[in-house]
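None of these values were measured; they are calculated from a predicted model.
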Amino acid sequence: MTYTGEVKVGGAADVHELKDLMITKIAVGPMDNNAYLLRCRATDEQLLIDAANDARTLLGMIGDDGIASVVTTHQHGDHWQALAEVVSATGARTYAGRDDAEGIPVPTDVLVDDGDVIRVGQVELTARHLVGHTPGSIALVYDDPHGHPHVFTGDCLFPGGVGNTRKDPAAFARLIHDVETKIFGTLPDETWVYPGHGNDTTLGAERPHLPEWHARGW
């Protein structure tokens with residue numbers, strides 16, 4: 001089956017099969033959050049991005065192999081409702097952006113800074129610190145050696161715009177700056193974008209609209 005990234009709460013997960021990495025996307029919770037399970041094909045080690053809600057569903061997706069780590073993209077509560085239960089059940093290490101960790105009620109084992117590398121088996125993910133939606137939001141970039149990059153953007157980039165900055169012009173300016181310089185400025189149009197809610201997109205689909213986003217201020 002061809003991966004589309006179109007998932008709904010209560011529905012089936014969708015699996016993006018890459019040569020070195022399997023990415024399973026599922027939607028959970030009342031705010032339609034996306035959670036992503038990454039599995040290294042060489043080692044079978046797994047990593048979860050955002051234990052957002054519905055621990056039972058997430059643990060069912062994880063399966064008997066467990067997970068080595070959970071990355072929380074940012075401190076907003078809809079992205080960590082199941083974190084405590086998932087960590088208790090799996091013993092996974094927790095990762096979060098240094099400037100958001102205090103806002104997450106589950107202790108963070110590893111504080112993440114811009115440019116840090118997080119590993120799942122033999123696969124490397126590079127963290128990008130993006131300020132504006134929250135002080136310590138992080139995106140994770142997988143630069144696939146066999147194809148185009150993939151980026152997990154949390155709530156910092158969606159189809160149609162950057163994340164919510166609550167009508168704060170300074171926060172919007174900071175977020176669009178970071179997204180432009182650290183994501184659009186360093187990655188090609190083919191880059192696949194996996195957001196914290198809703199459907200996936202590519203940088204190529206969004207790049208022509210950057211001037212519109214600047215003009216509207218959100």
Check whether L175 and F158 end up in the same hydrophobic cluster, where Ile, Leu, Val, Met, Phe, Trp and Tyr are linked by side-chain heavy atoms less than 4.5 Å apart.
no

Anything under 30° is parallel, anything over 60° is perpendicular, the rest tilted; go ahead and classify H214 against F172.
perpendicular

Salt bridge (charged side-chain N to carboxylate O under 4.0 Å, His left out): pairs with one or both residues in residues 118-131, sequence neighbours excluded:
D114-R128, R119-E124

Taking atom types as modelled and ignoring hydrogens, do the side chains of E206 and T201 form a donor-acceptor contact shorter than 3.5 angstrom?
yes

Quick check: are there more than 12 heavy atoms from other residues, nucleotides or ligands sitting under 6.0 Å from CH2 of W218?
no

If only atom types and distance count, is the side chain of R174 paired as donor or acceptor with the main-chain N or O of L130 below 3.5 Å?
no

Could I get the full list of side-chain hydrogen bond (donor to acceptor under 3.5 Å, both in side chains) partners for E85, not counting sequence neighbours?
none

Looking at CG of D50 and CG of D78, how far apart are the two atoms once the value is rounded to the nearest 0.5 Å?
8.5 Å

Inter-residue atom distance T72.OG1 - L83.CG, 0.5 Å rounding
4.5 Å

Is there any salt bridge (charged side-chain N to carboxylate O under 4.0 Å, His left out) pair reaching into residues 88-111, and which pairs are they, with sequence neighbours excluded?
R98-D113

Between OG1 of T134 and CD of Q75, what distance do you get to the nearest 0.5 Å?
5.5 Å

Test your reading of the model: is there a side-chain donor-acceptor pair from T94 to the backbone of P107, 3.5 Å cut-off?
yes

I'd like to know if D144 pairs up with K19 as an ion pair, taking the criterion as any Lys NZ or Arg NE/NH1/NH2 lying under 4.0 Å from an Asp or Glu carboxylate oxygen.
no

With a 3.5 Å distance limit and no angle check, can you tell me whether D14 reaches the backbone of V7 through a side-chain donor-acceptor pair?
no

Look at the aromatic rings of W192 and H148 and report parallel, tilted or perpendicular, splitting at 30° and 60°.
parallel

H150 side-chain N/O to L140 backbone N/O, donor-acceptor pair under 3.5 Å
no

Look up atom OG1 in T202 and atom CG in L187, then write down how far apart they are to the nearest 0.5 Å.
12.0 Å

Counting only heavy atoms from other residues, nucleotides and ligands, does the tally under 6.0 Å from CE of M22 exceed 12?
yes

Does a donor on one side chain sit under 3.5 Å from an acceptor on the other, for H79 and D155?
yes

Among side-chain atoms of H197 and D32, is any donor-acceptor pair under 3.5 angstrom?
no

Any chance the side chains of D200 and Y3 put a donor and an acceptor closer than 3.5 Å?
yes

Okay, side chain of Q46, backbone of L37: is any donor-acceptor separation there less than 3.5 Å?
no

Quiz question: by atom type and distance under 3.5 Å, do the side chains of D143 and T126 form a donor-acceptor pair?
no

Ignoring hydrogens and geometry, is there a side-chain-to-backbone donor-acceptor pair from Y36 to P195 under 3.5 Å?
yes

Over 12 non-hydrogen atoms of neighbours within 6.0 angstrom of CZ in R56
no

Do the side chains of L48 and V120 join up, straight or via other hydrophobic residues, at under 4.5 Å, putting them in one cluster?
no

Do I176 and V151 land in one hydrophobic cluster if side-chain heavy atoms of ILVMFWY residues count as linked below 4.5 Å?
yes

